Amino acid sequence: MALHPAVPVRRWSAPPALTASIGLHALAAGAVAIAPESWPWALGGIALNHVGLTAAGLWPRSRLLGPNITRLPAPQRREFALTFDDGPDPGVTPRVLDLLDGHGVQATFFCIAQRAQAQPALLREIVARGHDVQNHSHTHRHTFSLSGPAALRREIQRAQEVLTELSGQRPHCFRAPAGLRNPFLDPVLHRLGLHLVSWTRRGFDTVTTEPQRVLARLTRDMAAGDIVLLHDGHACRAPNGQPVVVEVLPALLEHCAALGLQATTLRAAVPPRSSGMK
């Protein structure tokens, strides 16, 4: 596992899109103060701005609301990151671990802390087998992206505490539930020293029952530096009753080996984020 040097404490800085949004609000307020009759135009501009920010939050790979890792930082290493969301699941995660062991592959598990509390031995088994545990929120609420800064911090920090205590690893990466977020998320992640990580490619294995379709989505134009998303939690079932992820994983790993790609974990590949906490 790569060792990363400690990073300094730094103040959070707003991304350009948020800075522009703040400026637009100030400009609209100034325009109305000088010419009250201009309020419909000012209100319309602010409404369009909010539509744009909402759209950015609904685009999981967008960087408009802050830093967002969609690929590994050093693709020249011929590495890729295999990531699993929504576990641990006692019916699926152990089978995924066995398949990974059989191929000599290490992966990253973005765990729901509440599920980890229900399966503490399974979470420890993930780490014992050489894999990486990262933060996928405490409860995985569908309303996560509608939360304010205080609620976001409570949800993410609680997951940090639970996952750190149970696994012995402190997460340094966070993946939002369903990849959805809002402008309040990045300052919270900065404060907690967490990177936002989405993905390069996903198989939609929680909604697609055909393993070959999932495999085709994952392998099409696959390249070094890719971050691959599958699910060991909320796993869809194939027509034969098996979890789609279990059906897809062997062929996916064989395809990566044929491309000369080596799996790595996010803990090994991504250095810590500078934190706002002292």
Side-chain angles (χ1 to χ4, degrees), residues 1-4 69 71-74 77-138 140 159-175 194-195 197-203 205-206 218 224-235 243-257 261-272:
M1 179 179 294
L3 296 177
H4 302 293
I69 296 175
R71 295 181 56 79
L72 298 181
R77 295 179 182 171
R78 300 295 298 169
E79 293 176 335
F80 75 102
L82 184 59
T83 68
F84 297 92
D85 279 13
D86 295 359
D89 183 309
V92 179
T93 305
R95 299 178 66 181
V96 169
L97 292 174
D98 289 343
L99 287 170
L100 295 174
D101 280 354
H103 288 79
V105 167
Q106 292 183 326
T108 295
F109 289 78
F110 279 93
C111 295
I112 301 172
Q114 202 170 62
R115 286 193 162 201
Q117 285 179 308
Q119 301 290 332
L122 184 51
L123 188 77
R124 288 191 286 269
E125 182 69 12
I126 292 172
V127 176
R129 296 208 198 183
H131 305 294
D132 182 19
V133 168
Q134 298 292 352
N135 189 330
H136 196 38
S137 80
H138 186 64
H140 201 273
Q160 281 289 92
E161 294 167 354
V162 169
L163 294 173
T164 300
E165 179 182 355
L166 294 178
S167 71
Q169 295 183 348
R170 183 169 183 82
H172 78 302
C173 295
F174 174 80
R175 180 173 283 158
L194 289 166
H195 292 288
V197 177
S198 55
W199 54 82
T200 311
R201 54 188 66 245
R202 64 186 301 186
D205 55 316
T206 59
L218 295 174
D226 283 1
I227 299 174
V228 178
L229 168 60
L230 284 164
H231 292 79
D232 61 323
H234 301 128
V244 169
V245 62
V246 172
E247 295 287 291
V248 167
L249 195 52
L252 173 63
L253 295 176
E254 290 167 9
H255 178 80
C256 293
L261 300 178
Q262 181 177 355
T264 188
T265 65
L266 293 177
R267 192 171 299 276
V270 178

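These numbers come from a predicted model, not from an experiment. Heads up: numbering here begins at 1 and tracks the sequence.
With sequence neighbours excluded, no residue forms a ring pair (Phe, Tyr, Trp, His ring centres under 6.0 Å) with His138. Every residue two or more places apart in sequence or in another chain that forms a side-chain hydrogen bond (donor to acceptor under 3.5 Å, both in side chains) with Gln160 is listed here: Asn135.
When all heavy atoms of Phe174 and Ser137 are compared, the closest pair comes out as CE1-N, 3.6 Å. Taking every heavy atom of both residues into account, Ile112 and Pro88 meet most closely at O-CD, 4.4 Å.
In this structure, CZ in Phe109 is found 8.5 Å from CG in Leu122, a value given to the nearest 0.5 Å. Atom OG1 of residue Thr264 and atom CD of residue Glu79 lie 4.5 Å apart, to the nearest 0.5 angstrom. If you take CZ on Arg129 and CG on Asp101, they are separated by 4.5 Å, rounding to the nearest 0.5 Å. We find the CG-CD1 distance between Leu72 and Ile227 to be 5.0 Å, quoted to the nearest 0.5 Å. Atom-to-atom distance recorded for Asp89:CG and Arg115:CZ is 5.5 Å, nearest 0.5 angstrom.
Counting only distance, with no hydrogens or angles, the side chain of His103 and the backbone of Leu99 share a donor-acceptor pair below 3.5 Å. Although no hydrogens or angles enter the test, the distance criterion places a donor-acceptor pair under 3.5 Å between the side chain of His195 and the main chain of Pro271.
Residues Pro94 and Glu125 have side chains not in contact (no heavy-atom distance under 4.5 Å, counting atoms from C-beta outward). Using a 4.5 Å cut-off on side-chain heavy atoms (C-beta onward), Leu82 and Leu253 make contact.
Around atom CD of Gln119, more than 12 heavy atoms belonging to other residues, nucleotides or ligands sit under 6.0 Å away. Within 6.0 Å of atom CD in Glu165, 12 or fewer heavy atoms from other residues, nucleotides or ligands are found, so the atom counts as exposed in its surroundings.
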- Assess whether side chain to side chain contact (heavy atoms under 4.5 Å, CB included) is satisfied between Val245 and His231, documenting all intermediate values. CA-CA 7 Å; Val245 62; His231 292 79; 6.0 Å; no

